[in-house]
Amino acid sequence: MKITIYSPDVYTYGAMLIGGILKHEKHDVKLVKKIDKTLFLKSDVIIFSLYSTLHILNENIKRTITFIKKSRKNRTKIYIAGCVSAYPEIILNELNVDGVIVGEGEITTPRIVKGDKEGLAYREGDEIVINLSKEKPELDHPIPLIPKDIGQQSVRGANVYIETHRGCLGNCTFCQVPKFFGKNIRSRDVEDVVEEVKAFKRAGAKRIAISGGTGSLYAFKKSVNRNKFFELLENVSKIVGKNNLSVPDMRVDYVDEDILTAIKNYTIGWVFYGIESGSDKILRDMKKGTNREKNLDAIKLAKDCEVKVAGSFIVAYPTETEMDYLLTKDFIVDAELDDVFVSIAEPIPTTELCDLVLSMPKEENLLYKIHEGAYKKLGLSEAEARCFDLLIHAEMWKSMPRPLTPQLYNLYLNEAKMQGKDIRDIIELLFKYKDLLLK
Ligand code: SF4
């Protein structure tokens with residue numbers, strides 16, 4: 001069977017993984033990150049592997065699906081997969097596809113392309129049938145389908161993020177991971193990860209990141225399994241070299257001196273903490289399970305271990321007051337981070353944040369409130385103004401501040417505006433399906 005997997009702009013690990021499984025089953029599989037209508041028209045099956053709600057709204061994707069369906073009728077089946085599959089009803093209402101491969105697709109996708117319906121959501125007349133899979137994959141899959149140009153890809157500086165484990169113990173209200181992958185941590189064998197890293201290296205990948213939500217939860221059973229985590233880092237580092245390995249994503253409550261020392265010894269020596277806010281009240285609202293003090297302690301510990309620290313922050317959470325926001329600015333001054341990322345709170349369908357956004361009047365959402373403060377002339381919403389302001393503020397309080405040039409100013413302004421527009425578009429879509437999402 002000729003199968004094409006389309007993963008917009010980036011070869012995601014999930015798309016490569018499913019590609020590898022289908023190839024192992026002797027299908028003729030192509031993986032592309034740009035729309036290729038000629039290839040699509042020759043395919044028996046096209047899987048759109050989508051990882052952002054914005055993809056559902058993307059006009060180019062919509063038009064392409066309509067074009068293929070019109071030209072090929074039922075000779076080409078089109079399925080949607082990826083994290084957007086957590087909300088199949090929205091997809092089946094918005095896109096004219098044959099079905100949505102719901103959740104983790106390793107077991108179900110090879111069966112679905114042959115006509116099976118387990119793990120598939122689809123239309124039957126006016127009804128939408130959601131046929132959830134009964135099994136969860138073990139993560140002992142064949143080597144992914146690695147594209148020839150993988151060495152040219154950059155995702156936060158790495159050619160690829162290799163998955164080492166799945167699931168998260170956290171409850172963060174804005175995050176889809178625990179619901180999508182579950183709260184039990186499933187981990188791959190060190191040997192399997194090592195073989196895969198070698199395969200990526202042979203295919204031209206140089207810089208590898210390993211991930212699974214929180215790096216140090218690798219091999220977690222009832223507690224953190226430090227030795228397995230160290231074994232993993234040591235083995236992967238031997239293959240790619242410490243300057244080409246990163247294990248960026250860490251929770252502040254799952255690091256200690258030993259873990260950070262291993263990060264320093266075996267990787268490029270950076271951690272990336274999800275700090276989110278400087279306000280303890282907002283951290284409680286987000287169910288982050290951390291607080292200002294724990295965050296500052298973990299940053300200090302990393303610095304003491306000579307590990308660089310980046311922090312990501314979320315602004316304009318629905319309950320964030322002006323005072324909460326000022327506490328975040330204050331935190332950034334105290335933390336003196338090496339790098340900072342700022343996002344406006346994005347409600348992903350099925351998360352608690354999504355329910356919260358839908359249960360309040362749209363006009364009260366900071367993305368719809370006009371900013372009346374210092375940036376009034378720029379015509380921003382309050383959420384965009386906070387995002388822009390925090391990006392500039394963080395630049396001044398990083399360990400290595402950069403002068404705020406007109407270029408940097410415009411870069412941050414455009415970033416804040418783009419985030420604001422994108423998330424407003426998502427919110428409009430969510431309100432269209434409010435009853436469905438809140439049921
Ligand atoms: S944000 Fe991180 S810690 Fe929180 S639930 Fe998601 S993956 Fe887990």
Side-chain angles (χ1 to χ4, degrees), residues 12-14 51-53 82-87 103-104 136 139 155-156 161-188 209-225 229 246-256 259-260 263 270-292 294-295 297-299 302 309-320 328 331 340-357 423:
T12 59
Y13 182 79
Y51 50 88
S52 160
T53 313
C83 5
V84 300
S85 70
Y87 28 102
E104 298 170 67
K136 276 220 178 278
L139 313 191
V155 184
R156 288 198 285 161
Y161 270 66
I162 289 182
E163 182 185 54
T164 52
H165 55 292
R166 228 177 248 184
C168 183
L169 308 166
N171 294 306
C172 308
T173 55
F174 52 85
C175 177
Q176 192 189 14
V177 168
K179 216 169 194 175
F180 196 86
F181 290 127
K183 284 184 165 263
N184 285 334
I185 311 289
R186 284 165 287 154
S187 300
R188 301 176 63 199
I210 53 178
S211 84
T214 291
S216 56
L217 286 179
Y218 175 69
F220 182 97
K221 286 277 185 269
K222 284 190 177 127
S223 60
V224 170
N225 190 339
F229 180 60
S246 59
V247 190
D249 299 319
M250 290 286 170
R251 264 188 74 104
V252 298
D253 42 358
Y254 285 100
V255 289
D256 59 24
I259 286 171
L260 289 163
I263 296 281
W270 273 83
V271 282
F272 189 111
Y273 292 145
I275 307 281
E276 325 306 359
S277 174
S279 154
D280 281 345
K281 183 192 162 292
I282 293 298
L283 290 172
R284 275 196 302 278
D285 288 354
M286 290 176 174
K287 300 190 181 162
K288 185 73 197 178
T290 58
N291 57 36
R292 184 182 174 94
K294 279 189 197 168
N295 285 332
D297 286 350
I299 292 167
V309 199
S312 66
F313 293 84
I314 293 175
V315 291
Y317 193 78
T319 53
E320 184 186 79
T328 299
F331 180 94
V340 170
F341 300 87
V342 181
S343 313
I344 297 173
E346 177 190 336
I348 300 173
T350 74
T351 60
E352 282 185 53
L353 171 58
C354 174
D355 294 354
L356 184 60
V357 166
I423 301 173

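In what follows, residues are counted from 1 in the order of the sequence shown. Basis for what follows: all heavy atoms, side chains included, without hydrogens, waters or symmetry-related copies. As the structure lists them, so they are numbered: ligands from 1, and atoms in each ligand from 1. A quick note: this is a predicted structure, and the numbers were derived from the prediction, not measured.
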Run the salt-bridge test on Asp285 and Lys281 with the 4.0 Å N-O cut-off and return the result as yes or no.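 Here Asp285 pairs with Lys281 in a salt bridge, since their nearest N and O are under 4.0 Å apart.
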Evaluate whether atom CG of Asn184 has more than 12 neighbouring non-hydrogen atoms of other residues, nucleotides or ligands under 6.0 angstrom away.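 No, because the 6.0 Å sphere around CG of Asn184 holds 12 heavy atoms or fewer from other groups.
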Counting only heavy atoms not in Lys287, do more than 12 fall under 6.0 Å of its NZ?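 Incorrect, the count does not exceed 12.
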Test Arg251 against every option in Val255, Asp253, Asp249 by the side-chain contact (heavy atoms from CB on, under 4.5 Å) rule and name the one that passes. Asp253
Under 4.0 Å from atom 1 (S) of ligand 1, do we find at least one protein heavy atom? yes
Give the residue, atom name and distance (to 0.1 Å) of the protein heavy atom nearest atom 3 (S) of ligand 1.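 The closest one turns out to be Arg251 NH1, 3.2 Å.
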Just to confirm my output: which protein heavy-atom neighbour is closest to atom 4 (Fe) of ligand 1, and how far is it? Cys172 SG, 2.3 Å
As an exercise, identify every atom of ligand 1 less than 4.0 angstrom from a heavy atom of Cys175.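 Counting from 1, the qualifying ligand atoms are 1 (S), 5 (S), 6 (Fe), 7 (S).
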Donor-acceptor under 3.5 Å (Tyr218 side chain, Arg188 main chain):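 Present.
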If the contact criterion is a heavy-atom separation under 4.0 Å, does Pro178 count as touching ligand 1? yes
Does the shortest distance from atom 6 (Fe) of ligand 1 to an N/O/S atom of Cys168 fall below 2.8 Å?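 False for Cys168.
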